[in-house]
Number of protein chains: 2
Amino acid sequence: MNKNSAITIFESLASPVRLEVYRLLIRKGTNGMVAGEIASTLEVPPTNLSFHLKALTHAGLINVEQEGRFQRYRANLPLMLDLIAYLTDECCGGKPETCGDFSAAAICPQCSDSPSGIS
Amino acid sequence: MNKNSAITIFESLASPVRLEVYRLLIRKGTNGMVAGEIASTLEVPPTNLSFHLKALTHAGLINVEQEGRFQRYRANLPLMLDLIAYLTDECCGGKPETCGDFSAAAICPQCSDSPSGIS
DNA sequence: ACAATAATTGTAGAACAATTGAAATAACAT
DNA sequence: ATGTTATTTCAATTGTTCTACAATTATTGT
């Protein structure tokens, strides 16, 4: 994970259509969905959906696999873990004792080690 | 957390300047930073930084507190937890047995309960 | 009161993203 | 082979966001 990848991911999820696509695919888990199903479920014209699927795929947030004339899309959830790790990389400057009320034990490695960090 | 809040958060972090501000403030933890410090650290003109700080504040990603003529900004890390919970809300349709190789145990509540989910 | 410092607001032009419809590509069925 | 279905690409239009400069507000120090 780096700055450019993170930006691309955030740009991808900053669109209502793409956010709904991503959340839908997370709900569908390993099965995923083919493009047409996504289009009819979310009531987005196929041509527009294709534009958004391309953006999500380019960001790595979803994967695509061909099935005959269908394209099956699946969410890439682990990428979200990388992104969170990138954001909280050097939380509290790596000094747990300064974390105090930062209140993000569940997300910040340093806060978890802090005396006031709730595990 | 709802769709509009999530969109606003993603839009906020989709800008290189704002992403760097947010990461910088996470590193600074509870101390935070005043606007001028952020501007000089990231080498962004104050007028432009102000524009981005407003967007981040509006999204709830950072908080601001007045200190005399300074404005001290701090990251709101817990909001990130809400966002992640929103994304993974109904992961795998709530059926752990279908999670399979979804490989997101650390982030998806259902996957964590699944036989193949790694805790 | 006056000047200096910290930060924000308003405005305008440039850059970028989203949507649409028409056309193209590719796979399948008859 | 031909027609049909699934999906993507292209081009044009519209709307939004970014940046910079000038002006403004608010606080502090003399």
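Protein chains get the first letters and strands the later ones, always in sequence-line order, with residue 1 at the start of each.
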>> Hydrophobic clustering (ILVMFWY, side-chain heavy atoms < 4.5 Å, transitive) - are Ile9(B) and Val64(B) grouped together?
In response: yes
> How would you label the contact of Gln66(A) with the nucleic acid (heavy atoms, under 4.0 Å): base, sugar-phosphate, or nothing?
Replying inline: sugar-phosphate
> Are any side-chain N or O atoms of Arg23(B) and backbone N or O atoms of Cys91(A), one a donor and one an acceptor, separated by less than 3.5 Å?
Replying inline: no
> Within the pair Tyr73(A) and dA6(D), is there a side-chain N or O less than 4.0 Å away from OP1 or OP2?
Replying inline: no
> Do Glu20(B) and Lys3(A) have side-chain heavy atoms sitting under 4.5 Å apart?
Replying inline: yes
> How close or far is atom P of dC18(D) from atom CG of Leu49(B), stated in whole angstroms?
Replying inline: 13 Å
> To the nearest angstrom, how far is Leu53(B) atom CG from dA6(C) atom C1'?
Replying inline: 13 Å
> Is the side chain of Ser40(A) donor-acceptor paired with the backbone N or O of Glu37(A) at a distance under 3.5 Å, no angle test?
Replying inline: yes
> Residues from residues 7-35 of chain B sitting under 4.0 Å of DNA chain C, heavy atoms only?
Replying inline: Val34(B), Ala35(B)
> Taking CD from Glu65(A) and P from dA6(D), how many angstroms apart are they, rounded to a whole number?
Replying inline: 19 Å
Expected rows: protein N/O vs nucleotides 9-12 of chain C N/O, under 3.5 Å:
from: dT9(C); atom 1: O4; to: Thr47(B); atom 2: OG1; distance (Å): 2.6

> Within 45 degrees of the axis of the six-membered ring of Phe10(B) and under 6.0 Å from its centre: does Arg18(A) put its NZ or CZ there?
Replying inline: no
>> Without decimals, in angstroms, what is the distance between Phe70(A) CZ and dC28(C) C1'?
In response: 9 Å
> Any donor-acceptor pair under 3.5 Å joining the side chain of Arg69(A) to the base of dT5(D)?
Replying inline: yes
> Does Arg27(B) count as lying over the ring of Tyr22(B), i.e. NZ or CZ under 6.0 Å from the six-ring centre, within 45 degrees of the axis?
Replying inline: no
> In whole angstrom, what separates Glu67(B)'s CD from dT28(D)'s P?
Replying inline: 11 Å
> Over how many whole Å does the gap from His58(A) atom NE2 to dA17(C) atom P extend?
Replying inline: 12 Å
>> Less than 4.5 Å apart, side chain to side chain, heavy atoms only: is that true for Thr57(B) and Tyr73(B)?
In response: yes
>> Closer than 3.5 angstrom, by distance alone: can the side chain of Ser5(B) be matched with the main-chain N or O of Met1(B) as a donor-acceptor pair?
In response: no
> Of all the nucleotides listed (dT7(D), dA7(C), dT20(C)), which has the minimum atom distance to the side chain of Gln71(B)?
Replying inline: dA7(C)
> Taking the side chain of His52(A) as its heavy atoms from C-beta onward, which of dT19(C), dT7(D), dT19(D) lies nearest to it?
Replying inline: dT19(C)
>> Less than 4.0 angstrom from a charged side-chain N to a carboxylate O is my criterion; do Arg72(B) and Glu67(B) meet it?
In response: yes
